[in-house]
Amino acid sequence: MRDSPVLVTCGLPYTNGPCHIGHLRTYVPADFYVRYLRRSGEKVVFICGSDNHGTPIVVNAERDGVTPRALSERYHIHFDQTFRRMGVLFDHFGMTDNPVNHHRTQSLVNRLIANGHVYSRVIQQSYCTKCGRFLPDRYVEGICPHCGSPARGDECDQGCGRHLEPGEIKEPTCMVCGTKAGFRDQEHYFFRLSEFKEFLLGYLEGLSGTLNARNYAMGWVKDELRDWCITRTLDWGVKFPGRDDLVVYVWVDAPIGYISFTEEWADETGVSWKDYWCREPTAITHFIGGDIIYHHCIFWPALLKGAGYGTPHAVVASGMLKVDGHKFSKSRGYVVWTNDDYLDKGLPADYLRYYLLSYTNHTKELNFSWKVFQERVNNELVNTLGNFVYRTLYFAHKEFGGVPDVPVRKEIVAEIDRSLAAIDRSMQEYEFKTAIDSMMGLAAYGNNYIQASAPWKLIKTDRDAAARVIKDCLILVQALALIFEPVIPEAAQEIWQMLGNADRIEDHQISGATGDVPPGPLPPPRPVFSKLEDAFIAEMDELLAKRVKEAGKKATKMKTIPFEEFCKLDIRTGKVISAEKVPKSNKLLKLRVDIGDEIRQIVAGMAEFTTPEEITGKPVVVVANLQPAKIFGIESNGMILAAGEQASLLMPEKEVPPGTKIR
RNA sequence: AGCGAGGUGGGGUAGUCAGGAUAUCCCGACGGGCUCAUAACCCGUAGAUCGAUGGUUCAAAUCCAUCCCUCGCUACCA
């Protein structure tokens, strides 16, 4: 048992869009973990809430013609309900815009100021006069000062990849309204993160959780820590103490939500939130997505330390989610919405919970495909687990009317014990997939046992022996219900009831898995899982394919290519050595072009606009590495660049030798 | 570019930190068994030079070095 009470949190969903299964990749394992701890006798409080501040919510609210608060509430309710439908049950689900969080954030920031961890500095910020607000760099686009490529405010994302400092970008434009943005001087406040380097190195050394979180953060801290700007010029958010024109950066008040939500919960239940947050060591475990590791392993512990709070005990970071092998992307259509695409189709939360938990290691990327989803549900949940439970209960009910009054074989209990130990080992290491493999292993053991013992044969010769076998199987079924409850809570409850229990399985502990099943009548069983039909899966696949196709149509209009693609083109100057008309063709000229290191034969469609005499001797621009093609039976090894319908030849302004590379 | 993660039979995936004999599990293929059960379940067979090369060792998927490939992240995006 730990000294401090156990607190588990999940990364806060941002209230600017609906829940998709990428979200669940973090929430389902967290819920699974919490349920497991509870089934193991641990007292746990499970806290989450919605993240409401920041520019994107202001922008989206304006677009929808509502207030940021109203937009936040809409999605807050949405997430709260969706999580419940998925069986992800928080003890409290708060909002970062609620008064308690405003108060806690200001209090914490004041302590940082009092402890000398905050200073002010004047910096330049992009400002859009039309929108009348300062723009986060993500909302600014322009030209990279280093390479001249189109770039984002913070990074030359399409060109040289360099990080851009505020004020560096040329021709800044507001991405919301498209007008020219300017720069304005503004006083901002910085957190002295650089002073926490030593602390963080020691802290990360002892941080529990998954290795990806620790390694990633460690590399960052060892490299360089810059001080962190913790204010924004925005109306929407938590006011920075003493400055009505500034709010704190959302990444400050969002994690503080973990504290304030604990406060809200503690107020309701009459306990002290300080027991969770104000003493070391804490028993705080954060479940987060892999993309926000540095916030939780660097900024957050430094803030807590600087303000005199306890620091988290563990950070458990999940890997990314893919759809059909593609990177999860709303704009490209590779998305599965939790409500529209899953729950509202009548699919059980249990199936998706099982898939998300059992697919792979928690820190690796997880691929969702309807086909694989169907395979795993049908083979593992329905066939292996569901069928063992059903054939056992069915046989017991049919032949004995319930649980026969016979003793249990020791080796069965020993096997369950082995499973429990293996599961617990895996859970301690946050190896959720391995834990579930052990669970499913027990179901396979059950199938094996009933198959080898063949009670349907025994019943004809030795009724008592058959009774003993089926009793053993009933013990296994009970054990399976208890150990699988954290994974598939609804199905576990159903099995629990079919074992003759009237109460909630949640009120029982996993250790009961080795206990007896009291003799007595059982209700008639029914299968707990049903198979996913091919037709249904095909339908879902079609829906996804359609969405991807439609997204593709939109995207082709403004498709960009990465710089690397452009680099593949070998464009250079050339000089036309000779030219002749291609026989039987109106448009084609056969050219011999000097491109520096060789003379190329190129067929060009410009006979209508120029004559062989005119073009001979002219400098031209050539794509030299185009795939060779046969035009009118004549091989063409490149392409002459010309503009427009009149095929106006492109040529260098100053004279350069043939073969000069064009960039 | 830097940092992080990964490359294991046809597909997916475990094992790598703490090196050891026939490399796990799910599917797929093939053959057999069983009939209590949701055409289920059980058994067996084929199939992997564990990304490449070199090294350490009695012994390497595992440790070390170099290289190739894939993905992710890179702070005044949330």
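What you see is a predicted model; the values in this text were computed from it and never measured. Naming convention: chains lettered A, B, ... in sequence-line order (proteins, then strands); numbering from 1 in each chain.
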Selection from A78(B), C27(B), A14(B) that lies nearest to any side-chain heavy atom of Lys433(A): A14(B)

The side chain of Asn215(A) lies closest to which of these nucleotides: A78(B), A5(B), C41(B)? A5(B)

Round to the nearest Å and state the distance from Gln374(A) atom CD to G12(B) atom P. 18 Å

Could you work out the separation of G31(B) and C68(B) based on their C1' atoms and round it to a whole Å? 41 Å

May I have the distance from Leu225(A) (atom CG) to C3(B) (atom C1'), rounded to whole angstrom? 14 Å

Atom-to-atom span, CG of Asn367(A) to C1' of G11(B) - whole angstrom: 11 Å

Both Glu429(A) and Cys229(A) contact RNA chain B. Taking the nearest nucleotide for each, which residue is further toward the 5' end? Glu429(A)

Donor-acceptor pair present, Trp251(A) side chain and A75(B) base, under 3.5 Å: no

N/O (side chain, Thr360(A)) to phosphate O (OP1/OP2, A14(B)) under 4.0 Å: yes

Quick one about Gln186(A) and Tyr127(A) (side-chain donor to acceptor, distance below 3.5 Å, no hydrogens or angles considered), yes or no? no

For the pair His78(A) and Tyr75(A), name the ring-plane relationship: parallel under 30°, tilted 30 to 60°, perpendicular over 60°. perpendicular

By nearest-heavy-atom nucleotide on RNA chain B, the more 5' of Ala452(A) and Pro527(A) is Pro527(A)

Among A75(B), C36(B), C43(B), find the nucleotide with the atom closest to the side chain of Asn448(A). C43(B)

Paired nucleotide for A29(B) [Watson-Crick or G-U wobble; both distances under 3.5 Å]: U45(B)

What is the ring orientation for Tyr430(A) with Phe432(A), classed by angle as parallel under 30°, tilted 30 to 60°, or perpendicular over 60°? perpendicular

Using the P atoms only, state how far U16(B) lies from C58(B), rounded to an integer number of Å. 24 Å

Which nucleotide, in any strand shown, forms a Watson-Crick or G-U wobble pair with G72(B), with both distances under 3.5 Å? C3(B)

Exactly one candidate in Phe299(A), Tyr119(A), Phe196(A) meets ring pair (Phe, Tyr, Trp, His ring centres under 6.0 Å) with Phe191(A); the answer is Phe196(A)

Can you tell me, in whole Å, how much space there is between the C1' of U22(B) and that of C67(B)? 33 Å

Among the nucleotides G33(B), C73(B), U13(B), which one has an atom lying closest to any side-chain atom of Tyr216(A)? C73(B)

Please check the phosphate of C71(B) (OP1 and OP2 only) for any side-chain N or O of Lys322(A) closer than 4.0 Å. no

Picking from C36(B), C71(B), U38(B), the nucleotide nearest the side-chain atoms of Phe529(A) would be U38(B)

Between C1' of U13(B) and NE2 of His362(A), the distance in whole Å: 17 Å

If you measure from the P atom in U49(B) to the same atom in G6(B), how many Å do you get, rounded? 22 Å

Report the distance from atom CD of Glu380(A) to atom C1' of C41(B), rounded to the nearest whole Å. 15 Å

Has Tyr294(A) got a side-chain N or O lying under 4.0 Å from the OP1 or OP2 atom of A75(B)? no

Nearest-nucleotide pick for Asn383(A), side chain only, options being C36(B), C41(B), U13(B): C41(B)

Taking the C1' atom of each, how far is C34(B) from A39(B), in whole Å? 13 Å

Using the C1' atoms only, state how far G28(B) lies from U45(B), rounded to an integer number of Å. 14 Å

Could you check whether Asn361(A) gets within reach of a base, just the sugar-phosphate, or nothing at all, counting any heavy atom under 4.0 Å? sugar-phosphate

Evaluate the ring planes of Tyr334(A) and His326(A), with Trp represented by its six-membered ring, and classify them as parallel (under 30°), tilted (30 to 60°) or perpendicular (over 60°). parallel

Which whole-number value in Å describes the distance from Arg376(A) CZ to A14(B) C1'? 11 Å

Base-pairing mate for A18(B) - Watson-Crick or G-U, with both contacts under 3.5 Å: none

So what does Asn447(A) touch, heavy atoms closer than 4.0 Å: a base, only the sugar-phosphate, or nothing? sugar-phosphate

Checking all strands, does Asn16(A) fall into the base, sugar-phosphate, or nothing category for heavy-atom contacts under 4.0 angstrom? nothing

Euclidean distance for C1', C50(B) against U24(B) (whole angstrom): 13 Å

Interatomic distance, Asp253(A) atom CG to Asp51(A) atom CG [nearest 0.5 angstrom]: 7.0 Å

Any side-chain donor-acceptor pair under 3.5 Å between His53(A) and Asp97(A)? yes

From the set C41(B), C76(B), A78(B), return the single nucleotide nearest to any side-chain atom of Phe190(A). C76(B)

Side chains of Thr231(A) and His188(A): is there a donor and an acceptor less than 3.5 Å apart? yes

Base, sugar-phosphate or nothing for His53(A)? Non-hydrogen atoms, less than 4.0 Å. sugar-phosphate

Assign Glu399(A) to base, sugar-phosphate, or nothing according to its heavy-atom contacts below 4.0 angstrom with the strands shown. nothing

If we require ring centres under 5.5 Å and near-parallel planes under 30°, does Trp456(A) stack on C36(B)? yes

Name the closest nucleotide to the Arg121(A) side chain, picking from C76(B), C41(B), G15(B). C76(B)

On a whole-Å scale, what distance lies between the C1' atoms belonging to G32(B) and G72(B)? 47 Å

Closest of A75(B), U13(B), C76(B) to the Arg232(A) side chain is C76(B)

Let's test this: given Watson-Crick or G-U wobble pairing with both distances under 3.5 Å, identify the partner of G9(B). none

Spacing between Ile470(A) atom CD1 and C41(B) atom C1', to the nearest angstrom: 13 Å

Looking at the side chain of Asn387(A), which of A78(B), C41(B), A75(B) is the nearest nucleotide? C41(B)

Please state whether the rings of Phe240(A) and Tyr189(A) are parallel, tilted or perpendicular, taking 30° and 60° as the class boundaries. parallel

Would you mind reading off the distance between Leu211(A) atom CG and G6(B) atom C1', rounded to a whole angstrom? 14 Å

If pairing requires Watson-Crick or G-U wobble contacts with both distances under 3.5 Å, which nucleotide is the partner of U35(B)? none

How would you label the contact of Thr231(A) with the nucleic acid (heavy atoms, under 4.0 Å): base, sugar-phosphate, or nothing? nothing

